[in-house]
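Working notes, structure below.
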Amino acid sequence: MPVSQVVGRRVRLVKSGKELKGLSPFNAEKTPSFFVNDQKQAWFDFSSGKNGSIFDFVIESEGVSFPEAVERLAAEAGVALPARSADVERQEKKRAGLVEVTEMACLYFEAVLKGAQGRNAREYLAGRGLAETARAEFRVGYATAERHGLRDHLAGKGVDVATMVEAGLLVSGPDIPVAYDRFRNRVMFPIQDLRARVIAFGGRTLDPEKSAKYLNSPETQLFHKGSLLFNQHRARKAAHEKGRVIAVEGYMDVIAMSAAGFTESVAPLGTALTEEQMALLWRLADEPILCFDGDKPGQRAAFRAVDLVLARLAPGKSVRFAFLPQGQDPDDLVRSAGTAAVEGVLDRARPLSEVLWAREVASGPLDTPERRADLERRLRQAVARISDHLARRYYEADINQRLEMIAPAGRSRWKPFRPPDRQFSPDRGRPSREVRSWNGGFDARPQAPAVPSPGLASAPTFSGTTPGAAQEALIVLALEARRELLHELTEELSSLAFADPDARELVQLLLHAHAYVEEREREPLTQVSDEEAVKIGRLRERLRRKLRPGDDRFFAKNCATSELEAALRQALGLRDRSRKLRSELRDAQGALAAEPTEANLAWLSDVHARLAALQQMPASSDEQGDERSLEQVLAEAPTYKVLR
């Protein structure tokens, strides 16, 4: 199946040379920067930097998992997936039987809610502002107070007790002579998987004497509460379209938020946020908003989430924290103040770094040197949990700035002070101290750091320029200098994912100019608007500061055209090889996770070694005349015997 056939359902494509182009489905734009190449079975979006195969497009545009994308495309193409083993088939049939039983239970609960026995439950839901349309959409039901109501209903339909127990619907055990209904006198919220199948339930008691308000299904073959989010199957499309996902605390919160238009809302299933759930949230959006009630338990829940997220931070992947007004949950706020108030809370969501600081500062006074030292120790211990070295480095810098604002002894910790500034006093001939305070606590801003000179700021060691960024800068600047190569290299560019935003934006501008020229063959190749020319000049200067020492020689007036083109092609080759190796790395990691054998471990080690060797290659041949080819460098890397 051609990529364009699948992409064409969401993007209007037009012919452009050997490729098809259209407006990005991921970003609003007026000029096409989305390209599809059916020969390479690939697509690339210059506006967002996203690219990949036909499967990647379905995953990115529809928010499904890889197995789901494979199943969908295989079904559309009429291709039968490989047969599963007999054991897998047996397990799948068993799970299908359990799904059938939980669906029957859901229909029963829905019917009871609508009948005479569901009157009190309907009144409760009406009092919580839950309209009938929302009840129907989320399939809300009611379990009667009878001990065997559900059991007798399912038994009448031929379901045996053992299956009901296995589905988590009945309570049984050696000391229980007759199994009985797990859920009684509860409003029932069905829990659905990513395929919208009912696999478990959450029940809210209507008995004021019950200490535990909510009760969830136990762990079953179908249901693992730590690896699923309530409402995820509905929320993922909205989350991908809005670029935002909101995690609230309870079932009613999700339903109220969705009814108010926040259809990208999900919730953990009666537990604190887990690693698996955090991974699911990051699949929906790069910076999920964790929304907590405005009370002490809500604050404690937020503070617990900080440690979970810190250990898994990566560049571009974080969270924000939204805190509701004191004593209100999302359901209350929607009913009392409307959607604008909720949107205001979400707009004021605080970054992880601020909540980490607030958590540690709130633990006690900071009126002595020892207490301030303890604060610093706790902060550094927290940041040490960050495994990504780049994210950790920026968090360490953020801590250093915040620690400079700690109040001197005797001052409230909620009114930080900048450390005294030493100013030279000519009349005294010695420094004097001036202490200035400013408002803040949570929103306090640290003193502006010292600004380096332009020369120091442009140095790669100071700016943190990576080999990948240097390669991207060289590629894009070379294309800007040799625009006649754009037509020849469009296909190569469509397979590269530019991580650097400056590089991505300049390539996009160049391609727009090139597309303009293609449509008007008589126009000069350098045709750009005045506004675009200013942007290109600004981006060119920023990218030149990211070049490795010596690479700027390619843009000198006396540099031969052939030398610049050779450097461009070498950088393109390195980027292409890096992309393929990283793809192979993901495959090797997946293989090792699925089957932890020596062979898969050796494969993963080998890919790591080749990637390390690739990092040794400069973006271009260096000034000392290093003429080693990429293959020679890789040949010198340590090798691992793969036992296959």
Side-chain angles (χ1 to χ4, degrees), residues 21 23-24 27-35 44-49 451-490 492-494 496-520 522-572 575 619-620:
K21 67 180 179 181
L23 297 175
S24 168
N27 286 323
E29 60 177 6
K30 296 181 180 179
T31 309
S33 67
F34 185 91
F35 292 84
F44 188 86
D45 181 14
F46 280 96
S47 71
S48 67
V451 179
S453 67
L456 179 59
S458 65
T461 50
F462 183 88
S463 62
T465 300
T466 63
Q471 285 177 0
E472 291 183 359
L474 179 60
I475 291 169
V476 179
L477 289 171
L479 285 171
E480 199 266 333
R482 291 286 313 278
R483 296 192 191 183
E484 64 272 18
L485 293 175
L486 277 171
H487 181 77
E488 181 182 344
L489 297 174
T490 298
E492 283 85 345
L493 290 172
S494 67
L496 294 178
F498 288 97
D500 184 87
D502 292 334
R504 193 161 62 238
E505 186 176 358
L506 184 50
V507 166
Q508 189 176 350
L509 286 169
L510 295 175
L511 284 171
H512 286 172
H514 181 63
Y516 180 89
V517 171
E518 278 190 326
E519 293 169 5
R520 300 163 177 78
R522 296 179 183 178
E523 295 287 348
L525 192 61
T526 56
Q527 179 73 34
V528 292
S529 67
D530 291 342
E531 182 182 357
E532 287 176 331
V534 171
K535 280 186 182 178
I536 288 173
R538 190 165 56 244
L539 291 167
R540 182 196 303 127
E541 289 307 310
R542 287 210 294 262
L543 287 171
R544 290 196 72 150
R545 290 197 292 269
K546 298 175 186 180
L547 290 171
R548 288 287 185 86
D551 279 350
D552 54 355
R553 73 184 189 279
F554 294 114
F555 306 102
K557 291 182 180 179
N558 58 354
C559 177
T561 301
S562 58
E563 191 177 356
L564 173 59
E565 187 171 340
L568 169 61
R569 293 190 181 279
Q570 176 167 330
L572 282 169
R575 288 287 296 164
S620 61

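If you read the sequence from its start, that first residue is 1, and numbering goes on from there.
- The distance from atom CG of L477 to atom CZ of R542, rounded to the nearest 0.5 Å, is 12.0 Å.
- In this structure, the separation between CZ on R540 and CZ on R545 is 13.0 Å, given to the nearest 0.5 Å.
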Candidate pair D502 and K546, rule side-chain contact (heavy atoms from CB on, under 4.5 Å), full reasoning: CA-CA 10 Å; D502 292 334; K546 298 175 186 180; 2.8 Å; yes

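- Here the closest heavy-atom approach between residue A473 and residue L543 is recorded as CB-O, 3.5 Å.
- With sequence neighbours left out, the side chain to side chain contact (heavy atoms under 4.5 Å, CB included) criterion links L23 to E29, P32.
- Looking at heavy atoms from C-beta onward, E472 lies out of side-chain contact with R504 at the 4.5 angstrom threshold.
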